[in-house]
Protein chains: 2
Amino acid sequence: MSTSNQERTGQRIKSLERGFDIVECLHEEGALTVSELAEERDIPTSTAHIYLKTLADLGYVVGESGRYELSFRFLEHGGHVRQRSELYHLARSEVDTLAEVTNEVSALGVPENGKRVLLYKTEGAEAVYDNPPIGEYTHMHWTALGKAILSEFPREAVTEIVDRHGLPSRTHRTIDTEAALFDELETTRERGYALEDEERWDGIRSVAVPILDEESVIGAISVSGPKHRFEHEWVESELLEHLTRSKNVISVRLRHQ
Amino acid sequence: MSTSNQERTGQRIKSLERGFDIVECLHEEGALTVSELAEERDIPTSTAHIYLKTLADLGYVVGESGRYELSFRFLEHGGHVRQRSELYHLARSEVDTLAEVTNEVSALGVPENGKRVLLYKTEGAEAVYDNPPIGEYTHMHWTALGKAILSEFPREAVTEIVDRHGLPSRTHRTIDTEAALFDELETTRERGYALEDEERWDGIRSVAVPILDEESVIGAISVSGPKHRFEHEWVESELLEHLTRSKNVISVRLRHQ
DNA sequence: CAGACCGTCCAATATCGTTGGACGGTGGTG
DNA sequence: CACCACCGTCCAACGATATTGGACGGTCTG
């Protein structure tokens, strides 16, 4: 599962793993009672009870009349981590600008643990579909941001990521073989931008360009919207101009620290 | 310390508590090596090592050449929790509007665990000072958002919060006695808005109004900026009109689900 | 009023977290 | 070039503690 590059040698703290497993369960399921969690994870209710109480004591879950859910303490840490990110500060105004001039949704993504994290996004005036939330962690291969980033990764790194996370499908257009992914990444690298055409959500297209810091990718910026507004001509003539301009602005800022 | 309302009876998982203690250490200190963490928390390096490796395996910390720091997985959970918040969606556009018409920083805050969480903020054109990040968890008594929320809390709840978190000072204007806090909260309740005058940061003022859902506070919205732009007259005549209008818009939306 | 379900608590057992110390690698210094 | 200091990693033995089934009391439903 994750025995690829991360050395799995040595001892681990099982209760900590279990604790975060419960956190992830609450993430997926929302508010749960003690017995619902116990059933969900197939553990005794007494165990579920002790873990939930511990997490509640620590403030990481809050209990509303018997139901427990994740608290905003995760947002506290997450917001703080983002605040420390240099790229976030340098790219923010450009993402805003992109959303304004295109009227679509613009976003900033970075790689982490072989996935793509949404660090920031701005919704333009015509953005209607429900956007993913800040912090969204998802597979690289079905997003424009992810493909833009992967296209600048060394081949072994891509292989490793595919081994680790696989290539699940979301729509009939999702890239689902390693060979097809490498083809796509080569095309992406050659033309300088990534295009995602309903590979994750039906009816949605995205265009993204990678952001480099001294030869290595550190993230990407994108614009997404309904397919019918993302005609080839508009993308090539107008959208890409905005995207590359923003990319260049950010690159310059990076060079000047 | 926190033995007030939260029942501290029953068993807890100590390794989970220690794990989150390490998370909080990394939050405060930033990237740390194994031995730095060991010294910081006064634990053997072998113990620190196992915990960091466990957290790294789980993806909650990332190690850059021997230094470990919190990953964006916290932002993943935090962003997701926020996305589930109804108030966030109902209030967002109004916070944007407030920032636009005032040119200052506007924010949405909610109570959790006796503190105030920053759920959303927008920076107006003239916002210059470094804003707190999304998710910021801080004491209620030295923020306008917090005082607006507290002003609608029952007396016992306020006492309990003061017992739990105390009334630390940040500037010479910070409210530091329970009596003064109750006076301030009464004034706030009577005039319908909270005013924070350099009680947390020198040179910064904030004005906030509470948001009620069927008689009980669920949050507050605010506008903050440099003291010299927050003259009494402007606040009373113009700012408050915007704030109460936004508050009413949000209240109406809440009533219609 | 009975029955089902739930959260909480308890006590016994065995698991597993804890620790000092050993080892090998690295970087700095005389 | 050799020495030393420091650091991360691993190991094994001990003792702490996570785990579990079951008991208890409360609440809601029929």
Side-chain angles (χ1 to χ4, degrees), chain A residues 1-26 29-71 113, chain B residues 1-26 29-71 113:
Chain A
M1 201 174 182
S2 65
T3 333
S4 42
N5 66 328
Q6 296 282 42
E7 302 110 49
R8 258 233 146 267
T9 62
Q11 195 184 345
R12 299 299 130 107
I13 307 294
K14 304 217 167 139
S15 334
L16 192 51
E17 292 179 330
R18 182 175 267 194
F20 275 102
D21 181 52
I22 288 171
V23 165
E24 280 157 32
C25 185
L26 292 174
E29 307 293 328
L32 292 179
T33 63
V34 170
S35 42
E36 283 167 353
L37 172 67
E39 191 177 2
E40 189 70 36
R41 286 305 201 241
D42 201 36
I43 51 177
T45 57
S46 44
T47 305
H49 174 246
I50 296 170
Y51 273 86
L52 284 175
K53 269 278 181 287
T54 304
L55 288 169
D57 260 18
L58 293 167
Y60 289 93
V61 313
V62 285
E64 306 267 329
S65 64
R67 304 196 84 88
Y68 294 87
E69 59 186 328
L70 297 187
S71 80
N113 292 324
Chain B
M1 197 172 189
S2 64
T3 334
S4 43
N5 67 328
Q6 296 282 42
E7 302 111 47
R8 258 234 149 265
T9 62
Q11 195 184 347
R12 299 299 130 107
I13 307 293
K14 304 213 167 142
S15 342
L16 193 51
E17 292 179 330
R18 182 174 269 196
F20 275 101
D21 182 51
I22 288 172
V23 165
E24 279 156 33
C25 186
L26 292 174
E29 306 293 327
L32 291 180
T33 64
V34 170
S35 42
E36 284 167 353
L37 173 66
E39 191 178 1
E40 189 71 37
R41 286 307 200 240
D42 200 37
I43 52 177
T45 57
S46 44
T47 305
H49 174 246
I50 297 172
Y51 273 87
L52 284 176
K53 268 278 181 287
T54 305
L55 288 169
D57 260 19
L58 292 168
Y60 289 94
V61 314
V62 285
E64 306 266 330
S65 63
R67 303 196 85 86
Y68 295 87
E69 60 186 328
L70 297 187
S71 80
N113 292 325

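Heavy-atom basis, side chains included; hydrogens, waters and symmetry copies ignored. Throughout, a chain's letter reflects where its sequence line sits, starting with A, and its residues are numbered from 1.
A straight line from CG of A/L55 to P of D/dA18 spans 13 Å, rounded to a whole angstrom. The interatomic distance linking B/E39 (CD) with D/dC7 (C1') rounds to 13 Å, in whole Å. Nucleotide D/dG21 holds its C1' atom 15 Å from the CD1 atom of A/I43, rounded to whole Å. Between the CD atom of B/E40 and the C1' atom of D/dC7 there is a distance of 17 Å, given to the nearest Å. At whole-Å resolution of the value, CG in B/L37 and P in D/dC7 are 13 Å apart. Remark: C1' of C/dC10 and CD of B/Q11 are 9 Å apart, rounded to the nearest angstrom. Put simply, CZ on B/R12 is 12 Å from P on D/dA18, counting in whole angstrom units. For the pair B/D42 CG and C/dT19 C1', the computed distance is 13 Å after rounding to whole Å.
The side chain of A/K14 places no N or O atom within less than 4.0 Å of a non-bridging phosphate oxygen (OP1 or OP2) of D/dA18. Look at A/S35 and you won't find any side-chain N or O under 4.0 angstrom from OP1 or OP2 of C/dC5.
Side-chain contact between B/L52 and B/L32 is absent, with no heavy atoms from C-beta onward closer than 4.5 Å. Two residues are said to be in side-chain contact when any heavy atoms from C-beta on lie closer than 4.5 Å; B/R67 and B/E36 meet this criterion. Proximity of A/R18 to A/T47: side-chain heavy atoms (C-beta onward) are separated by under 4.5 Å at one or more points.
Rotation axes derived from the C1' atoms of the five outermost pairs at either end of the helix from C/dC1-D/dG30 to C/dG30-D/dC1 lie 40° apart, to the nearest 10°.
Across all non-hydrogen atoms, the minimal contact from A/L37 to A/C25 is CD1-SG, 3.7 Å.
Remark: side-chain polar atoms of B/S15 are not paired, donor with acceptor, to backbone N or O of A/S15 under 3.5 angstrom. Side-chain N or O atoms of B/T45 include none that pairs as donor or acceptor with a backbone N or O of B/A38 at under 3.5 Å.
A/L16 contributes atom CG, which lies 8.0 Å from atom CD1 of B/I22 (distance to the nearest 0.5 angstrom). Of the inter-residue distances, the one linking B/I13 atom CD1 with B/Q11 atom CD reads 6.0 Å to the nearest 0.5 angstrom. Separating the CZ atom in B/R12 from the CG atom in A/D57 is a distance of 4.0 Å, to the nearest 0.5 Å.
Between B/F20 and A/F20, a ring centre-to-centre spacing shorter than 6.0 Å is recorded.
Remark on DNA chain C: of its neighbouring residues A/Y68 and A/I13, the 5'-side contact belongs to A/Y68, judged by nearest-heavy-atom nucleotide.
Nearest to the side chain of B/T9, among C/dT8, D/dG8, C/dC9, sits C/dC9.
Annotation for A/E29: atom CD counts as buried by contact number, over 12 foreign heavy atoms lying within 6.0 Å.
Applying side chain to side chain contact (heavy atoms under 4.5 Å, CB included) to B/V34 and the options B/K53, B/E39, B/H49 leaves one that passes, B/H49.
Of all the residues in residues 44-51 of chain B, B/P44, B/S46, B/T47, B/I50, B/Y51 reach under 4.0 Å from DNA chain C with at least one non-hydrogen atom. Of the residues in residues 15-23 of chain B, B/S15, B/R18 come within less than 4.0 Å of DNA chain C through at least one heavy atom, sorted by number.
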